[in-house]
Number of protein chains: 2
Amino acid sequence: MHRPASAPRTGRPRSVAADAAILAATRAALVELGWSKLTLGDVATRAGVAKTTLYRRWAGKNELVVDAVAALFDELELPDRGSLAADIEGVVLQFAAILARPEAKSGLMAVLAESTRDDALRERIRASVVDRQKRLVLEGRTRAQARGELPAEEDPGSAARTADLIFDVVAGAVVHRTLVSAEPVDLEWARGFTRVLLLGLAGAAAAQNGPPGELPG
Amino acid sequence: MHRPASAPRTGRPRSVAADAAILAATRAALVELGWSKLTLGDVATRAGVAKTTLYRRWAGKNELVVDAVAALFDELELPDRGSLAADIEGVVLQFAAILARPEAKSGLMAVLAESTRDDALRERIRASVVDRQKRLVLEGRTRAQARGELPAEEDPGSAARTADLIFDVVAGAVVHRTLVSAEPVDLEWARGFTRVLLLGLAGAAAAQNGPPGELPG
DNA sequence: GGAGTTACGCTACGACTCGTAGCGAAAGCG
DNA sequence: CGCTTTCGCTACGAGTCGTAGCGTAACTCC
């Protein structure tokens with residue numbers, strides 16, 4: 001992450017245990033204090049390391065929180081549940097379960113807010129959090145096409161745009177439901193959402209490959 | 001907002017001009033500095049008021065930013081464009097135009113992150129920002145029902161859940177597209193999104209009132 | 001095993017922001 | 001004119017920031 005490929009082959013190596021302790025302490029501090037009241041000095045104390053050690057590895061609070069939160073998304077995967085609808089439901093519920101954690105809510109939203117003014121931070125979030133979610137959309141589509149539930153795409157550009165749209169709709173709806181509406185993403189909601197999404201995609205695909213356009217440009 | 005109904009009838013009245021100047025200065029500071037580097041002392045200087053005046057009116061940075069950002073959403077409305085699809089497209093583009101402003105991006109997301117640990121703040125955001133958006137969904141549905149584009153709802157509980165779902169999908173997708181994906185919500189995207197949403201809703205409504213359930217519970 | 005290199009814990013520091021208190025002056029109301 | 005509230009201003013202790021300097025610990029290469 002913050003240590004590219006150019007690791008020096010000499011000298012005392014950085015403690016990997018300290019890395020884990022710092023990230024865990026960051027998540028604990030996020031739960032107790034939230035993002036704005038989290039201080040790096042406090043995190044260092046919780047992790048049992050010196051404050052200077054923390055500054056040697058991360059540029060600031062934002063980068064640290066991104067790495068701490070990104071670890072939460074490691075468990076995201078796409079188990080094969082047999083149908084596209086079931087797969088989407090599963091991903092929605094998994095994603096919602098992660099977002100329901102207080103450290104994910106406050107931490108992720110805060111760094112997203114900061115990323116609007118920091119391109120490097122946005123790229124860091126994209127690489128360590130967003131892309132991992134987006135991959136699930138692409139995998140799900142591939143599986144659905146193999147099952148025959150979705151037609152094979154012809155135009156790659158259009159396929160990419162559709163995947164982007166689906167990603168924004170799924171992730172955006174879950175995030176908005178959890179954070180803004182502050183209502184739980186339970187099984188009932190996930191089913192209703194999945195049904196609307198699938199019917200919309202099926203209709204759009206039919207209108208694309210099939211006959212007329214009732215929605216002219 | 002921060003001055004309920006119990007305005008004292010005596011004494012020197014609060015300067016309404018100062019209120020406007022403070023909120024404008026807050027937005028300007030959000031653009032230049034972002035949320036994390038915004039200080040109340042700086043805002044006071046920009047607005048030409050004393051720092052103590054600021055603290056007399058707002059409890060802290062969060063409340064101030066909420067009010068400053070909420071003013072951006074005053075222009076949100078639902079012009080009658082003749083069809084449900086055109087209405088949705090219009091609202092999506094309006095909402096996206098507001099969210100594209102840097103002060104809205106950084107300010108709104110930051111206070112949403114803070115609101116996960118502050119119920120009073122969440123309520124303030126709901127009252128001054130979210131409810132105004134949600135009203136557009138309800139108005140749009142009423143209009144569409146009057147046009148005959150949507151069937152009249154029977155079960156009020158189900159109707160409310162559907163409206164909540166639509167709201168989370170629309171607002172969530174636009175926010176996610178703008179903030180996380182960092183791609184523009186242009187006319188092409190709005191059209192594609194609206195088509196998927198409408199087809200999904202039409203399919204769900206048909207499955208509800210009409211024949212069978214191909215998606216069993 | 002010694003030399004070289006890097007990471008570590010610790011302390012201390014100036015700069016900055018926070019939120020509040022106290023003061024005298026200003027602006028309304030009866 | 002008295003009463004009340006707000007205003008601008010100054011000052012303050014408390015807390016955080018990010019960095020520098022130092023001696024020590026850990027690891028690699030010769």
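Sequence lines set the chain letters: A, B, ... in the order given, protein chains first and strands last, and positions in each chain run from 1.
Within 3.5 Å, a donor on the side chain of B:R12 pairs with an acceptor on the base of D:dT6, or the reverse. Residue side chain B:T39 does not reach the base of C:dC16 through any donor-acceptor N/O pair under 3.5 Å, judged by distance alone.
A heavy atom lying under 4.0 Å from DNA chain C marks none of the residues of residues 105-115 of chain A.
Between A:R27 and A:A68, the shortest heavy-atom distance links the atoms NH1-O, 2.9 Å. When all heavy atoms of B:L150 and B:R141 are compared, the pair lying nearest together is CD1-CG, 4.2 Å.
Among the nucleotides D:dA26, D:dG21, C:dG19, the one closest to the side chain of A:T52 is D:dG21.
Screening residues 106-120 of chain B for side-chain hydrogen bond (donor to acceptor under 3.5 Å, both in side chains) gives A:S36-B:E114 as the qualifying pairs, with residues at least two apart or on separate chains.
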**OP:** Carefully, step by step, assess A:L72 and A:R101 under the rule side chain to side chain contact (heavy atoms under 4.5 Å, CB included).
**Re:** CA-CA 9 Å; A:L72 296 177; A:R101 298 194 191 183; 3.1 Å; yes
Original post:
Where do A:E103 and A:T26 land on the side chain to side chain contact (heavy atoms under 4.5 Å, CB included) test, with the steps shown first?
Top reply: CA-CA 9 Å; A:E103 64 267 38; A:T26 303; over 6 Å; no
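When rounded to the nearest whole Å, the span between NZ of B:K51 and C1' of C:dT17 equals 7 Å.
Mapping B:G60 and A:A50 onto DNA chain C via the closest heavy atom, the residue that lands nearer the 5' end is A:A50.
Under the ring-ring contact (aromatic ring centres under 6.0 Å, His included) criterion, A:F167 pairs with B:H176, sequence neighbours left out.
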